[in-house]
Amino acid sequence: MQENQPQEALPTKRRKKYLRLAGITLLVLFSLQLVFYFGSDLLLRNFLKEKVNIASGNKYEIDFEEFHILFLQRGISFKGLKLNPVEGQFKDLGNTPYFRISIPEIDITGLNYRFFRKEFVIGTIELVNPEVDFKLAPKDTMEVSKPSTSPILILQEEIKKSFLGSQVKEIRIKELKIDDADLLMKNFIYQKAIKAENTRLLLEDIQLLQLRNPETPFNAKGFSFGFDNFEVLLADSIHTIQAQTVNVSSLEQFIDAKEVKIIPDFSKSASTYFQLDLDELLLKDADINRVFYTSEVAVGQLKIENPEFYLYTREILKKDRGSEPFDLYALVEGILNSIQIQDFEILEGKFGKRLADSRDTYMIKTDRIDFRMEDFYIGPDESKKKDQFFYADNASVEIHMVEFALNDSIHRMKGDFVRLSSFDDKIEIDGFKLFPAEGLGLDGKKAHLDIDVSGLVITAATLKQVYNLGILD
């Protein structure tokens with residue numbers, strides 16, 4: 001028994017030794033973390049400022065409130081970081097753009113250098129509420145203007161210039177996360193009159209020095225962004241799109257918007273106004289990169305459920321009835337070049353047409369409307385719009401409990417069920433009624449009709465001709 005005691009004590013001593021070494025190692029690492037974290041600002045502040053100034057060719061200078069080295073995370077962090085052009089350096093540089101960057105908080109972690117590839121890798125960059133402003137300084141003038149080229153591409157070119165002549169062949173950012181990016185999206189990326197809150201942006205695998213082939217937005221493998229309380233004024237300056245939340249992903253190929261509304265401004269003069277209320281708009285299998293580069297939306301399938309949409313028109317005199325009809329393209333022109341949907345369905349919708357000056361007065365009223373459209377298109381290409389039916393090559397519409405006023409200002413028509421289809425060029429109506437409107441005080445001098453038919457079917461209805469030319473043959 002006494003001989004076994006020393007042998008049993010050996011593992012215990014070895015375990016204590018390992019624990020002691022592990023404790024010392026952790027203490028050393030923790031101490032280094034503290035030394036680098038609290039000492040980096042004091043020791044490296046001036047060094048960093050000098051290196052940025054040299055790398056930018058004496059054009060930029062940085063300032064910050066705090067700077068820390070994150071030893072264990074292989075990274076650095078800044079608070080109150082600002083990058084500003086050096087005063088006077090851009091006066092003699094013609095149309096060279098310059099930037100001002102302000103970032104309240106930024107963490108850069110996972111730094112690594114791949115010697116064989118000569119590639120500098122950044123694992124993650126996390127930003128909070130960044131603001132980027134860019135301008136041109138034209139020669140012989142003190143005015144500043146926005147460049148026509150994308151500011152993102154301009155910034156990338158400026159970064160490339162800073163690494164000319166260096167051994168670094170590529171700078172790769174595996175993940176860039178930006179929170180509270182409202183100002184960044186508005187002033188630097190989107191550059192349109194949008195309003196949004198709580199903007200989020202995520203970019204994956206960004207290359208800063210070499211362009212991807214094929215090219216991608218932000219020169220990244222993919223991106224996603226989202227925002228709340230989105231609002232943008234459409235191209236006609238009359239209608240505004242609002243959404244409670246919007247999320248877009250090029251990696252998962254979708255656009256998802258909830259509580260979508262199109263709101264008209266009736267105080268502005270127009271012959272037609274459009275209003276839409278929609279719980280959710282989900283575009284799947286959408287080519288987001290194509291939208292980014294060409295402003296063309298191309299979708300395979302889209303199904304919308306329970307929308308409510310209304311047209312408001314001002315009363316038009318008979319002599320003016322040759323004016324152009326309402327065109328959906330007028331709403332998106334200037335924001336999107338075109339919208340193409342191969343298979344488009346609207347289920348259990350509600351539609352009405354009212355007078356803009358008397359919004360309680362219906363010209364068309366329905367309890368339910370269903371659409372099915374093939375090769376839906378709105379855009380400037382006239383060849384694609386030729387012989388359309390409801391903005392599609394072929395479409396069918398089914399309407400339940402419809403009532404509308406005819407243009408003669410006397411008669412109204414009702415139908416329990418109406419189906420119009422260009423697929424079989426047929427019109428079907430159940431419970432058809434044609435009658436004079438109430439309260440007209442007809443004295444017999446004006447001809448009027450009173451028709452009640454249980455069912456009506458019209459074949460070879462030439463619906464496309466009626467839709468495009470207004471000719472019933």
Side-chain angles (χ1 to χ4, degrees), residues 234-236 239 241 243 246 248 253-257 260-262 272-311 324-353 364 366 368-399 418-427 461-470:
L234 295 181
D236 62 1
H239 295 83
I241 288 185
V246 177
V248 178
Q253 298 287 289
F254 74 81
I255 301 173
D256 186 14
V260 181
K261 299 179 185 293
I262 297 179
T272 308
Y273 304 87
F274 183 75
Q275 180 177 318
L276 171 70
D277 286 281
L278 178 63
D279 290 337
E280 182 176 15
L281 176 63
L282 178 59
L283 303 178
K284 294 182 178 180
D285 300 322
D287 190 342
I288 305 300
N289 289 349
R290 179 177 176 181
V291 177
F292 190 92
Y293 281 115
T294 66
S295 296
E296 296 176 351
V297 177
V299 182
Q301 291 184 333
L302 174 61
K303 181 183 290 186
I304 296 177
E305 297 181 355
N306 308 116
E308 295 184 15
F309 46 105
Y310 299 95
L311 278 177
E324 289 294 322
F326 176 74
D327 188 357
L328 282 176
Y329 181 55
L331 295 178
V332 301
E333 187 178 9
I335 296 176
L336 295 174
N337 285 339
S338 64
I339 300 175
Q340 300 180 67
I341 306 170
Q342 188 173 347
D343 190 358
F344 185 14
E345 283 187 276
I346 298 176
L347 301 178
E348 297 186 34
K350 289 186 177 181
F351 171 74
K353 185 176 181 181
I364 301 176
T366 66
R368 172 179 169 178
I369 187 167
D370 299 317
F371 274 101
R372 178 182 164 229
M373 289 163 274
E374 283 187 358
D375 296 322
F376 174 89
Y377 173 82
I378 59 173
D381 191 338
E382 294 298 328
S383 64
K384 292 183 178 180
K385 295 192 288 184
K386 186 178 180 180
D387 292 330
Q388 281 189 325
F389 185 58
F390 287 107
Y391 299 98
D393 279 356
N394 277 298
S396 66
V397 55
E398 296 180 354
I399 310 171
V418 177
R419 178 180 179 270
L420 309 173
S421 175
S422 68
F423 292 100
D424 52 14
D425 203 22
K426 184 185 291 186
I427 301 174
T462 62
L463 284 171
K464 288 188 176 182
Q465 177 176 291
V466 176
Y467 180 82
N468 290 285
L469 303 177

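In this chain, residues are counted from 1 in sequence order.
Of all heavy-atom pairs spanning Gln253 and Ala286, the tightest one is OE1-O, 2.6 Å. In plain terms, the two heavy atoms of Pro307 and Leu278 that are nearest each other are CB-CD1, 3.8 Å. When all heavy atoms of Ile255 and Ile288 are compared, the pair lying nearest together is CG1-CD1, 3.5 Å.
Residue Phe309 is tested with Ile304, Asp277, Ile262, Ile369 for a side-chain contact (heavy atoms from CB on, under 4.5 Å); the sole match is Ile369.
In this structure, Gln301 places its CD atom where only 12 or fewer heavy-atom neighbours from other residues, nucleotides or ligands lie under 6.0 Å away. The local environment of CD in Glu308 is crowded, with over 12 non-hydrogen atoms from other residues, nucleotides or ligands closer than 6.0 Å.
Looking at heavy atoms from C-beta onward, Glu374 lies out of side-chain contact with Asp393 at the 4.5 angstrom threshold. The shortest side-chain heavy-atom distance between Asp287 and Glu296 does not fall under the 4.5 Å cut-off. Under the 4.5 Å side-chain criterion, counting only non-hydrogen atoms from C-beta, Leu302 is in contact with Leu281.
Between Tyr273 and His239, the ring-plane angle classifies as tilted under the 30° and 60° cut-offs. Note: Phe371 and Phe390 have perpendicular aromatic rings, judged against thresholds of 30 and 60 degrees for the angle between ring planes.
Distance CG/Leu283 to CD1/Ile341: 7.0 Å, rounded to 0.5 Å. Going from atom CZ of Phe423 over to atom CG of Leu463 covers 11.5 Å, rounded to the nearest 0.5 Å. Rounding to the nearest 0.5 Å gives a distance of 13.0 Å between CD of Glu280 and NZ of Lys303. A distance of 5.0 Å separates CG in Leu282 from CG in Asp256, rounded to the nearest 0.5 Å. Distance check: Glu305 CD to Ile346 CD1 gives 11.5 Å after rounding to the nearest 0.5 Å. Of the inter-residue distances, the one linking Ser295 atom OG with Ile339 atom CD1 reads 11.0 Å to the nearest 0.5 angstrom.
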- [ ] Would you check, one step at a time, whether the test side chain to side chain contact (heavy atoms under 4.5 Å, CB included) holds for Lys464 with Asn394?
- [x] CA-CA 9 Å; Lys464 288 188 176 182; Asn394 277 298; 3.8 Å; yes
Audit row: Phe254, Val248, side chain to side chain contact (heavy atoms under 4.5 Å, CB included) steps and yes/no: CA-CA 6 Å; Phe254 74 81; Val248 178; over 6 Å; no
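Not one N or O on the side chain of Thr366 forms a donor-acceptor pair closer than 3.5 Å with the backbone of Lys350. Checking side-chain atoms of Asn337 against main-chain N and O of Gly379 turns up no donor-acceptor pair under 3.5 Å. Remark: the backbone N or O of Ala392 is not paired with any side-chain donor or acceptor of Asp375 at under 3.5 angstrom. Remark: side-chain polar atoms of Lys284 are not paired, donor with acceptor, to backbone N or O of Gly300 under 3.5 angstrom. For the pair Gln388 (side chain) and Tyr377 (backbone), a donor-acceptor distance under 3.5 Å is present.
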